[in-house]
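Encoded as structure tokens, the structure appears first; notes follow it.
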Amino acid sequence: MSEFSSRLIAWQKVHGRHDLPWQNTTDPYAIWVSEIMLQQTQVAAVIGYYAKFMQRFPDIATLANATQEEVLQYWSGLGYYSRARNLHKAAITIMDIHGGEFPQNFDTIQTLSGIGRSTAAAIASFAFNQIQTILDGNVKRVLARHFLVEGWPSHPKIEKELWARAENLLPESQMIAYTQGLMDLGATLCTRSKPKCADCPLIDSCAAYKQQRVHQLPTPKPRKAIPEKNTTMLILVRGDDVMLEKRPPTGIWGGLWSFPEADISENLPELAYSRFGISTQFTQSLPQLSHAFTHFKLHIQPQQLTVLSNNSQVNEAGYLWLNIDDAIGAAIPTPVRKILQTLQLNLTSTHFSD
DNA sequence: GAACCGTGGTC
DNA sequence: TGACCAAGGTT
């Protein structure tokens, strides 16, 4: 066994994490669900969701027999909702194709929706004690430092090298402690900022530490200049209600409720009449806010319009009048929630001043 | 190969 | 406080 793996395993047994909700089991389903929830998501955010999900969907058959809508309901708030759709889809696949038993073959596991090489390795090692290496963000950081690998770790060329190094380090046994040790080391000692090198079991062989370059690694993702966009949101207020519009099922905020949008140059009451057949009066501009996405920054100018007459009601699918309090509790993105809260404060103070 | 997909925490 | 990131995978 390599010095790397033996020291890591010994360290994990003493200093690693042993009481997370998905540990101390070899049930592939329980491990699978945890690994999907933990993709790009921190442990603290997962724990509450995991307990409720496992209580409602305790096994593969229960999950497969549930509706996608209910699975998404239990995922609501976790983000990356394709994970939930793929989890559900894969459960059905296991029932239909694999006789209801989670497959043990490493390549077969990777054919399931939402399971790539790293997640498959986590399941295979934790549930079936197979000799397969994970390569998640923790492991990339540990290896980039230990072997002084420069370049963004998720660049295909760099990632290929890290996969090869990770494979070379694998022990011949004790895969549960080893895999967990890789994660624990990255999560508790070899952190991005303020790494605790003095406590690290691998300090003697760490190339970055030897050159005092730990803080420089891993190389951050190259950032391209992001464009900025402007939009106007129409806040149509009818009494205590506001109008919401359902966004398309894919794309930014896909499937969520938001305000109708307009080009900032447009005449808003006229636009509201032509689009919705509603007579409105401009009331006020609400504070502008900005929201950062991965690839662009959005500047939002909310414009409040008061509904004057309601001769033509908006009854089409995809539109909704909701009481402001109810709207805040609906499936809305964060900027919409902020606008609603501003609106709520304005209306409250208006009532007091009347 | 690069864009896309959510949210919350950290500094 | 805006940038950066976290138990990645799919298109």
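In the text below, chain A, chain B and the rest are named by the order of the sequence lines, each starting its count at 1. Quick caveat: nothing in here was measured; it's all calculated off a predicted structure.
- With distances taken from any side-chain atom of A:Arg192 to the nucleotides B:dG6, C:dC5, C:dA7, the minimum falls on C:dC5.
- Between the C1' atom of C:dG9 and the CH2 atom of A:Trp32 lies a distance of 14 Å, rounded to the nearest Å.
- In terms of position along DNA chain B, the nucleotide closest to A:Lys157 lies nearer the 5' end than the nucleotide closest to the other residue of the pair A:Lys157 and A:Gln39.
- Distance from the side chain of A:Met183 is smallest to C:dA7 among B:dG6, C:dA7, C:dG8.
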Pull out every protein N or O sitting under 3.5 Å from an N or O of nucleotides 8-11 of chain B, one pair per line with the distance.
none

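- The interatomic distance linking A:Tyr80 (OH) with B:dG6 (C1') rounds to 6 Å, in whole Å.
- Contact annotation for A:Thr41: base contact, defined as any heavy-atom pair under 4.0 Å involving a base atom.
- Separating the P atom of B:dG6 from that of C:dT11 is a span of 14 Å, rounded to the nearest Å.
- Side-chain polar atoms of A:Glu3 and A:Ser205 form no donor-acceptor pair below 3.5 angstrom.
- Only the P atoms considered, C:dA7 is 14 Å distant from B:dC11, to the nearest whole Å.
- Rounding to whole angstrom units, CD1 of residue A:Ile115 and P of C:dG9 are separated by 9 Å.
- Closest non-hydrogen pair, A:Ala120 versus A:Ile115, comes out as N-CG2, 3.6 Å.
- Nucleic acid contact for A:Ile36: none, since no nucleic acid atom lies under 4.0 Å from a heavy atom of the residue.
- A:Ser274 and A:Leu271 make their closest contact through OG-O, 3.0 Å (heavy atoms, listed as atom of the first residue, atom of the second, distance).
- A:Glu150 and A:Arg213 are joined by a salt bridge, as a carboxylate oxygen and a charged side-chain nitrogen come within less than 4.0 angstrom of each other.
- A:Lys140 and A:Ser154 are linked by a side-chain donor-acceptor pair at a separation below 3.5 angstrom, with hydrogens and angles left out of the test.
- Counting non-hydrogen atoms under 4.0 angstrom, A:Leu20 reaches a base of the nucleic acid.
- Rounded to an integer number of Å, the gap from A:Leu38 CG to C:dG8 P is 8 Å.
- Using bins of under 30°, 30° to 60° and over 60° for the plane-to-plane angle, the ring pair A:Phe53/A:Phe57 lands in the tilted bin.
- Residue A:Thr119 places at least one side-chain N or O closer than 4.0 Å to OP1 or OP2 of C:dG9.
- For B:dT7, neither phosphate oxygen OP1 nor OP2 lies less than 4.0 angstrom from any side-chain nitrogen or oxygen of A:Tyr49.
- Taking atom CG of A:Leu78 as the reference point, atom P of C:dA6 lies 18 Å away to the nearest angstrom.
- Remark on DNA chain C: of its neighbouring residues A:Glu35 and A:Leu112, the 5'-side contact belongs to A:Glu35, judged by nearest-heavy-atom nucleotide.
- Taking atom CH2 of residue A:Trp152 and atom P of nucleotide B:dG1, one finds them 11 Å apart after rounding to whole Å.
- For the residue pair A:Gln130 / A:Ser125, no side-chain donor-acceptor distance below 3.5 Å is found, with atom types taken as modelled.
- We find that CG of A:Leu87 is positioned 13 Å from P of C:dG9, with the value rounded to whole Å.
- Annotation: A:Glu172, atom CD; neighbour count of heavy atoms from other residues, nucleotides and ligands within 6.0 Å does not exceed 12.
- Taking every heavy atom of residues 130-145 of chain A and every atom of DNA chain C, pairs under 4.0 Å involve A:Asp136, A:Gly137, A:Asn138, A:Arg141, by number.
- Residue-level contact check: A:Trp75 touches neither bases nor backbone, having no heavy atom under 4.0 Å from any strand.
- Put simply, CG on A:Leu185 is 14 Å from C1' on C:dA7, counting in whole angstrom units.
- A salt bridge links A:Arg165 to A:Glu161: one of the charged nitrogens lies within less than 4.0 Å of a carboxylate oxygen.
- Of all heavy-atom pairs between A:Trp257 and A:Gly318, the closest is CZ3-O, 3.7 Å.
- Between A:Pro195 and A:Arg145, the shortest heavy-atom contact is CB-NH1, 3.9 Å.
- Projected onto DNA chain C by closest heavy-atom contact, A:Trp163 and A:Pro218 fall at different nucleotides, the more 5' of which corresponds to A:Pro218.
- For B:dG1 and C:dA6, the C1' atoms lie 23 Å apart once the distance is rounded to whole Å.
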